[in-house]
There are 2 protein chains.
Amino acid sequence: MQQLDIFSYLGKLQDYYARERIIPSTTQLSVLWNGKARSWTHRIMQRLKEEGFLENAPGGRLRPGPRFFERTVGHTIRAGLPQQASDVQPELLRIDDYLIENPSQTILFPVKGDSMVDLGILEGDMVIIERSHSASPGQIVLAIVDDEFTLKVLSKDQKGYYLEARNDRRSKDYPPIRPEQKLEIYGFYVGLFRKTRIAGHRLGSSRNP
Amino acid sequence: MQQLDIFSYLGKLQDYYARERIIPSTTQLSVLWNGKARSWTHRIMQRLKEEGFLENAPGGRLRPGPRFFERTVGHTIRAGLPQQASDVQPELLRIDDYLIENPSQTILFPVKGDSMVDLGILEGDMVIIERSHSASPGQIVLAIVDDEFTLKVLSKDQKGYYLEARNDRRSKDYPPIRPEQKLEIYGFYVGLFRKTRIAGHRLGSSRNP
DNA sequence: TTGAATTAAGAACAATCGTTCTCTATAATG
DNA sequence: CATTATAGAGAACGATTGTTCTTAATTCAA
């Protein structure tokens, strides 16, 4: 009942995309697919679209669809695998894409101190902050207190807004911060990333072009 | 000496790309840039290309260049004011390049469970694993135990290698794991990232046209 | 005030785009 | 055998593309 072997075409397209990071036009795809006619190429792309490997992008062009990054299950993976290697391939999916939704409003901040360890935010982590002058209680915000940026949970009670740390073991060291006048919010927390490298990795003269 | 404020244009383009995952045509960009003429749009794109924010893709089209994904890093302490101070050049960072050094050997794994909370590794985080069949004591490794992947600290004593959890409060729930035969290591931990978005973002039936 | 950059607008070009239509081979099926 | 999908070729359409050229408004310093 298999009507058209889409996958042999798909494979080449995926390879091309991994190289060029762009979905080619029908004309280019025709060449890539061993010189098939443009109309035939178009029909196959249509099929790939129906199957969810491609999807429409603005301007009548196509972009990778939800299934485009699916992993071909098979080699290397053991039977009874728990959750297969997260079918996210770092080569194809950018972590950046995943984490950042509004690039122009996003800034990274290195974390200092341990006031938020209970939320898994450690010193040295990079937190991703989206600029905003307001936030709602419960959100983690980057606020400006005494000319310093500080990452805290925004809270509110009958006396107004205040900032809370999240470190049970040293709660006395981090009392709630109540603004003298008004609370200056710089942005809100949307995520973080952390790098834990063994020192000495890639030593020597790294004079790469 | 600043000849053209490229960055106000770049910001909108970056936001567009984050949404649509495609670099628009000059015509569409003209609209995005508040209806500028196509020729002017073209000239700005040329500038962005010269600066490394865009680069040529096959078919006369453009794709993001190396600098397209640079993110500004803020400073924990604000001397005067944060960024923008034309003189001071903001520090820039590409998240993917920062986190991943060997793309072909790198795999992402979603974290399950809370056995490593003391190291700030929470359920739902994505850990970055570099493939390797060996590791040294003290390293965090992704090991295969009972046909399941598990993230633990690799330790060693006179009786040999074993795996340790890092969760003080529930240490009795996570006793050290000693392999019956030999310890199968899948790779070692080099970092993680975490996304904390407000629910409701792009959820539900994604029946877009 | 003059003059040059800067920031556009507008027209025009060939090339390419996506798309559709009609027409063949080839292969399998009954 | 005849039939019916499959796999493709080829031409043709108008729309959009990237690109270049010329001209005009604005800004800003000398």
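Every chain is numbered from 1, with letters handed out A, B, ... down the list of sequences.
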Please list, for nucleotides 22-28 of chain D, all pairs of protein and nucleotide N/O atoms separated by less than 3.5 Å.
none

Pairs under 3.5 angstrom, nitrogen or oxygen only, protein versus nucleotides 14-18 of chain C, please.
unit_1 : atom_1 : unit_2  : atom_2 : d
C/dC17 : OP1    : A/Ser25 : OG     : 2.6
C/dC17 : OP2    : A/Thr27 : OG1    : 2.5
C/dG18 : OP2    : A/Thr26 : N      : 2.8
C/dG18 : OP2    : A/Thr26 : OG1    : 2.4
C/dG18 : N7     : A/Arg38 : NH1    : 3.0
C/dG18 : O6     : A/Arg38 : NH2    : 3.2

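Applying the ring-ring contact (aromatic ring centres under 6.0 Å, His included) rule to A/Phe193 yields the partners B/Tyr98; only residues at least two apart in sequence or on another chain are considered. Checked against side-chain contact (heavy atoms from CB on, under 4.5 Å), B/Glu51 has the following partners two or more places apart in sequence or in another chain: B/Ile6, B/Phe53, B/Arg67. Partners of B/Glu50 by side-chain contact (heavy atoms from CB on, under 4.5 Å), not counting sequence neighbours, listed by chain and number: B/Arg47. Residues satisfying the salt bridge (Lys or Arg N to Asp or Glu O under 4.0 Å) test with B/Asp118, not counting sequence neighbours, are none. Remark: B/Tyr174 pairs with no residue by the ring-ring contact (aromatic ring centres under 6.0 Å, His included) rule, at least two apart or across chains. Remark: B/Ser39 engages B/Ala37 in a side-chain contact (heavy atoms from CB on, under 4.5 Å) (not counting sequence neighbours). A/Lys36 pairs by the salt bridge (Lys or Arg N to Asp or Glu O under 4.0 Å) definition with nothing, not counting sequence neighbours. For A/Glu123, the side-chain contact (heavy atoms from CB on, under 4.5 Å) criterion is met by no residue, not counting sequence neighbours.
Distance, B/Arg47 CZ to C/dT6 C1': 10 Å, rounded to whole Å. Nucleotide C/dA9 holds its C1' atom 13 Å from the CD1 atom of B/Ile44, rounded to whole Å. Here the P atom of nucleotide C/dT7 and the CG atom of B/Asn34 are 15 Å apart, to the nearest Å. C/dA8 atom C1' lies 16 Å from atom CG of B/Leu29, rounded to whole Å. B/Trp40 has its CH2 atom 6 Å from the C1' atom of C/dA8, to the nearest Å.
Between A/Tyr189 and A/Phe109, a ring centre-to-centre spacing not shorter than 6.0 Å is recorded.
Under the 3.5 Å distance criterion, with hydrogens and angles disregarded, a donor-acceptor pair is assigned to the side chains of A/Ser115 and A/Lys152.
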Donor-acceptor contacts, no H, no angles, side chain residues 158-165 of chain A, under 3.5 Å, sequence neighbours left out:
unit_1   : atom_1 : unit_2   : atom_2 : d
A/Glu164 : OE1    : A/Ser155 : OG     : 2.7
A/Glu164 : OE1    : A/Arg166 : NH2    : 3.1

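For A/Tyr9, no side-chain nitrogen or oxygen approaches OP1 or OP2 of D/dA7 to under 4.0 Å.
Across the helix from C/dT1-D/dA30 to C/dG30-D/dC1, the helix axis at one end is tilted relative to the axis at the other end by 20° (nearest 10 degrees, each axis from five pairs).
Between A/Gln46 and B/Lys36, the one whose closest nucleotide on DNA chain C sits nearer the 5' end is B/Lys36.
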